[in-house]
Colleague: 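After the structure tokens below, expect a handful of questions from me.
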Amino acid sequence: MKIPFKLTAVVVATSMFLSGCQQEAPTTLSNKEDTSVRKTLTAVDAETFLKDTGKELARLTNESSRIEWIYQNFITEDTAALSAAAAQKYSEAGVRFALEAAKFDHVEVSAEQRRKLNILKQALVLPAPQDSEKSAELAKISSDLGGMYGKGTYTNASGQELSLVDMSAIMSTSRDYDQLLDVWQGWRQVSPPMKPLYVREVELANEGAQGLGYPDLGAMWRSNYDMPADEFGQELDRLWGQVKPLYDALHCHVRAELGEHYGEDNVPQDQPIPAHLLGNMWAQSWGNIYDLVGPQNSDPGFDVTEQLAKHQYSEIDMVKGAEKFFTSLGFAPLPETFYQRSLFTKPADRDVVCHASAWNIDAKDDIRIKMCIQKTGEEFSVIHHELGHNFYQRAYKDQPVYFQNSANDGFHEAIGDTIALSVTPDYLKQIGLIDEVPDQSKDIGLLMKMALEKIAFIPFGLMVDQWRWKVFSGEVTPENYNKAWWELREKYQGVRAPIARAEDDFDPGAKYHVPGNVPYSRYFLAHILQFEFHQALCEIANNDGPIHRCSIYNNKEAGAKLNQVLEMGSSQPWQQAHKVLTGSEQMDASAILNYFKPLQDWLEKQNQGRQCGF
């Protein structure tokens with residue numbers, strides 16, 4: 001997803017922006033700055049700096065967004081070079097902005113000014129040290145790690161060279177234990193060479209974070225959530241504790257069913273599940289094994305893909321249908337430029353990046369999506385999700401450039417997913433895609449499919465950054481990288497490596513977000529928040545049925561409350577935006593339990609007599 005104002009360190013492989021803010025910034029510890037000069041700065045100086053920087057940010061965002069749009073839609077060596085140059089220019093500006101903002105740490109400024117200054121400081125994902133040679137070294141390492149991941153392949157015993165796409169397809173469809181193990185091991189041959197580079201990258205990024213006044217990079221990342229860094233980690237564990245009983249019930253059922261299919265010698269019922277049997281290269285979501293673990297006789301009686309074909313929906317019809325969802329809530333229609341400038345289908349004459357994404361080119365009205373739409377039920381939901389990003393982007397367009405983002409980095413994904421939760425059978429009937437809403441006896445299958453994707457993901461979404469924070473702080477040393485990774489996976493997911501792993505292995509590097517330096521807690525938060533938001537909006541819409549059957553389609557009151565949150569952008573602490581919608585400043589995962597209550601009851605019956613726990 002393309003969001004304005006995303007700052008990274010020099011030539012960092014990822015351009016993800018750490019949104020939201022922000023606790024009081026710590027004291028900058030740079031020994032290169034003359035403190036006597038720093039003390040002469042005033043709030044007037046801060047306002048001048050912020051005004052000038054805001055203008056430059058707006059210009060850079062517009063420029064880099066247009067260049068990146070062109071690159072992803074016309075992939076050539078020339079557009080790649082332009083994209084890389086723009087990214088470097090933007091990243092170098094981010095370093096400069098952060099260092100300048102840090103000079104105001106001891107200056108008495110207004111709350112709004114402090115928030116903007118903190119956003120500038122904390123927007124860096126991978127801060128470079130204040131040393132040109134080390135900065136260049138960090139840039140090269142980051143680029144090299146991205147290249148190693150992107151070019152990774154595995155040649156199997158038959159001489160076939162398999163890409164990650166090829167191997168992921170095998171992981172999702174094969175039910176052959178040995179074949180799954182082969183590709184699982186094969187992909188993890190890509191990452192060991194990354195380890196020495198990653199070790200050095202951690203050293204350099206920690207030095208950069210310390211130059212901005214943080215103990216380490218993990219503390220810097222955790223400082224983006226309007227609460228003390230240590231409390232943020234505790235908050236995530238609290239939320240996980242709420243969800244864990246549901247996850248444990250799902251885990252127990254899935255392990256038992258896999259044991260029946262593969263044999264309990266391969267899937268012992270008193271141990272974590274072997275990671276290669278869950279239908280996904282990283283065992284982060286389990287939807288691909290629904291055929292092995294789903295309930296019998298749970299077919300809802302309709303297929304959205306078939307219904308789209310029956311009603312002769314085109315790709316544009318699918319987009320306009322999703323747009324109608326938002327206009328039914330009271331949002332203004334999309335601008336005509338959206339349909340003129342978006343990419344909806346894969347061109348026959350050129351390569352494009354097909355991964356679905358929502359774009360805000362000019363931080364005003366030039367919003368677009370980029371998708372190679374397939375006419376499937378899944379894609380119909382994805383379009384609703386992507387437009388959720390677009391309507392969010394347009395809602396906060398009148399905020400200062402510093403606040404043109406979601407309340408925290410979990411909100412943007414959560415809003416899109418919240419909208420997708422309203423794509424229910426009742427909604428599909430209202431828009432004429434299906435004729436009848438299935439009775440509630442069919443709900444277990446629909447809930448199981450969703451749980452295998454969303455509930456299964458939650459502990460993985462938590463542990464990736466748990467591991468990184470320990471690495472950044474030095475609690476986990478390089479010789480223990482892999483050991484700590486699997487200890488956390490067993491602790492949170494109940495998933496284990498299917499074969500013994502060596503000290504030199506670097507299995508974290510086999511997950512894109514680690515070598516790509518993309519913070520991961522945002523995805524955990526999004527999975528919690530989307531159910532909270534859905535439940536709150538359904539209450540506003542006076543829904544009187546099961547929460548999993550609720551759609552807020554055509555409810556103006558729910559739309560008005562949603563828009564109130566979206567318009568805030570990141571201008572206030574996320575707790576304030578959360579309170580507008582839910583009535584509370586504290587996140588609460590009980591909405592997930594309410595949503596999946598019928599499934600949890602069903603799972604507990606299935607699990608009677610089984611050995612659960614890991």
Colleague: Taking side chain as C-beta onward, heavy atoms only, is I415 less than 4.5 Å from F391?
Modeller: no
Colleague: Without hydrogens or angle criteria, can the side chains of E68 and S83 be said to hold a donor-acceptor pair below 3.5 Å?
Modeller: yes
Colleague: Check L138 against P127 and note the closest heavy-atom contact, atom names and distance.
Modeller: CD2-O, 3.7 Å
Colleague: Quick test of your reading of the model: are E137 and K140 salt-bridged, counting only N-O distances below 4.0 Å?
Modeller: no
Colleague: If we ignore hydrogens and angles and just use 3.5 Å, is the side chain of S143 paired with the main-chain N or O of A139 as donor and acceptor?
Modeller: no
Colleague: Looking at CE of M148 and OH of Y198, how far apart are the two atoms once the value is rounded to the nearest 0.5 Å?
Modeller: 13.5 Å
Colleague: Step by step, would you call L236 with S521 a side chain to side chain contact (heavy atoms under 4.5 Å, CB included)?
Modeller: CA-CA 9 Å; L236 298 191; S521 295; 3.9 Å; yes
Colleague: Could you check whether T61 and Y90, counting side-chain N and O atoms only, form a donor-acceptor pair closer than 3.5 Å?
Modeller: yes
Colleague: Measure across A577 and A407 and return the closest heavy-atom pair with its distance rounded to 0.1 Å.
Modeller: CB-CB, 3.8 Å
Colleague: May I ask you to decide if A484's main-chain N or O and W467's side chain share a donor-acceptor pair within less than 3.5 Å?
Modeller: no
Colleague: I want to check something: taking the side chain as every heavy atom from C-beta on, are W359 and Q72 in contact at a cut-off of under 4.5 Å?
Modeller: yes
Colleague: Report the C-alpha distance between Y396 and F403 in whole Å, list the side-chain angles of each, state the deciding distance to 0.1 Å, and finish with yes or no for side chain to side chain contact (heavy atoms under 4.5 Å, CB included).
Modeller: CA-CA 8 Å; Y396 57 57; F403 301 149; over 6 Å; no
Colleague: Check whether any side-chain heavy atom of Q122 sits under 4.5 Å from a side-chain heavy atom of W221, and report yes or no.
Modeller: no
Colleague: Side chain of K244, backbone of L239: donor and acceptor closer than 3.5 Å?
Modeller: no
Colleague: Assert yes or no for the condition that the ring centre distance of W240 to F524 is strictly below 6.0 Å.
Modeller: no
Colleague: So Y481 and F506, would you call those rings parallel, tilted or perpendicular, with 30° and 60° as cut-offs?
Modeller: tilted
Colleague: Keeping the roles fixed (side chain from T79, backbone from F74), state whether a donor-acceptor pair exists under 3.5 Å.
Modeller: yes
Colleague: To the nearest 0.5 angstrom, please state how far the CD atom of Q113 sits from the CG atom of L50.
Modeller: 6.0 Å
Colleague: Side chains of E231 and Y225: is there a donor and an acceptor less than 3.5 Å apart?
Modeller: no
Colleague: Tell me whether K121 contacts the main-chain N or O of L212 through its side chain, where contact means a donor paired with an acceptor under 3.5 Å.
Modeller: yes
Colleague: Please tell me whether N405 and Q399 have a donor and an acceptor in their side chains that are separated by less than 3.5 angstrom.
Modeller: no
Colleague: Does the side chain to side chain donor-acceptor pair (under 3.5 Å) test come out yes or no for E386 and N390, once each step is laid out?
Modeller: CA-CA 7 Å; E386 295 302 333; N390 284 143; over 6 Å; no
Colleague: Quick one: do Y339 and E323 satisfy side chain to side chain donor-acceptor pair (under 3.5 Å)? Show the steps, please.
Modeller: CA-CA 11 Å; Y339 287 98; E323 180 190 13; 2.6 Å; yes
Colleague: Using a strict cut-off of less than 4.0 Å between a Lys/Arg side-chain nitrogen and an Asp/Glu carboxylate oxygen, indicate whether E56 and R96 qualify as a salt bridge.
Modeller: yes
Colleague: Using 4.0 Å as the upper bound for N to carboxylate O, is an ion pair formed by R115 and E112?
Modeller: no
Colleague: Any side-chain heavy-atom pair from T582 and D588 closer than 4.5 angstrom?
Modeller: no
Colleague: Short question: side chain of S422, backbone of I552 - any donor-acceptor pair under 3.5 Å?
Modeller: yes
Colleague: Does K364 have more than 12 heavy atoms from other residues, nucleotides or ligands lying within 6.0 Å of its NZ?
Modeller: yes
Colleague: Around atom NZ of K89, are there more than 12 heavy atoms from other residues, nucleotides or ligands closer than 6.0 Å?
Modeller: no
Colleague: Do the side chain of N73 and the main chain of W69 share a donor and acceptor less than 3.5 angstrom apart?
Modeller: yes
Colleague: Without hydrogens or angle criteria, can the side chains of Q393 and H412 be said to hold a donor-acceptor pair below 3.5 Å?
Modeller: no
Colleague: So, T42 and D45: side-chain donor and acceptor under 3.5 Å apart, yes or no?
Modeller: yes
Colleague: Under 4.0 Å between a Lys/Arg side-chain N and an Asp/Glu carboxylate O for E100 and K103?
Modeller: yes
Colleague: Could you check whether E487 pairs with K491 (Lys NZ or Arg NE/NH1/NH2 to Asp/Glu carboxylate O, under 4.0 Å)?
Modeller: no
Colleague: Taking the side chain as C-beta and beyond, is there a heavy-atom pair between P215 and Q210 under 4.5 Å?
Modeller: no
Colleague: Under 3.5 Å, side chain of N224 to main-chain N/O of M220, donor-acceptor pair present?
Modeller: yes
Colleague: Going by atom types alone, do N206 and D216 pair a side-chain donor with an acceptor below 3.5 Å?
Modeller: no
Colleague: Going from CG on N480 to CH2 on W485, what distance comes out if it is rounded to the nearest 0.5 angstrom?
Modeller: 15.5 Å
Colleague: Do the side chain of H385 and the main chain of D417 share a donor and acceptor less than 3.5 angstrom apart?
Modeller: yes
Colleague: Could you tell me whether Y492 and F460 have their ring centroids closer than 6.0 angstrom?
Modeller: no
Colleague: To the nearest 0.5 angstrom, please state how far the NZ atom of K579 sits from the OG atom of S584.
Modeller: 8.5 Å
Colleague: Compute whether any side-chain donor of one residue and acceptor of the other, for R66 and N62, lie under 3.5 angstrom apart.
Modeller: yes
Colleague: Can a salt bridge be assigned to the pair R522 and E413 using a cut-off of 4.0 Å between side-chain N and carboxylate O?
Modeller: no
Colleague: Mind checking whether V464 and Q284 have side chains closer than 4.5 Å, heavy atoms only?
Modeller: no
Colleague: Should the heavy atoms of other residues, nucleotides or ligands under 6.0 Å from CD of Q340 be counted, would the total exceed 12?
Modeller: yes
Colleague: Between Q466 and D237, is the side chain to side chain contact (heavy atoms under 4.5 Å, CB included) condition met? List the steps.
Modeller: CA-CA 10 Å; Q466 294 276 1; D237 271 330; 3.8 Å; yes
Colleague: For residues Q586 and R238, determine if any side-chain heavy atom of one lies less than 4.5 Å from a side-chain heavy atom of the other.
Modeller: yes
Colleague: Please name the pair of heavy atoms, one in A86 and one in I67, separated by the smallest distance, quoted to 0.1 Å.
Modeller: CB-CD1, 3.8 Å
Colleague: More than 12 heavy atoms of other residues, nucleotides or ligands under 6.0 Å from CD of E479: is that the case?
Modeller: yes
Colleague: Using the side chain to side chain contact (heavy atoms under 4.5 Å, CB included) rule, take L562 and I419 through it: C-alpha gap first, then chi angles, then the decisive distance, then the call.
Modeller: CA-CA 10 Å; L562 177 62; I419 299 304; 4.0 Å; yes
Colleague: Can you tell me if Y71 has over 12 outside heavy atoms packed within less than 6.0 Å of its OH?
Modeller: no
Colleague: What's the separation between atom CD in E585 and atom NE2 in H578, rounded to the nearest 0.5 Å?
Modeller: 10.0 Å
Colleague: With a 3.5 Å distance limit and no angle check, can you tell me whether S135 reaches the backbone of D131 through a side-chain donor-acceptor pair?
Modeller: no
Colleague: Distance check, rounded to the nearest 0.5 Å: L421 atom CG versus K454 atom NZ?
Modeller: 5.5 Å
Colleague: State, with a plain yes or no, whether a side-chain heavy atom of Y523 is found less than 4.5 Å away from one of D465.
Modeller: no
Colleague: Which word best sums up how the rings of Y595 and H534 line up, parallel for under 30°, tilted for 30 to 60°, or perpendicular for over 60°?
Modeller: perpendicular
Colleague: Do R394 and D365 sit within salt-bridge range, that is, some charged N less than 4.0 Å from a carboxylate O?
Modeller: no
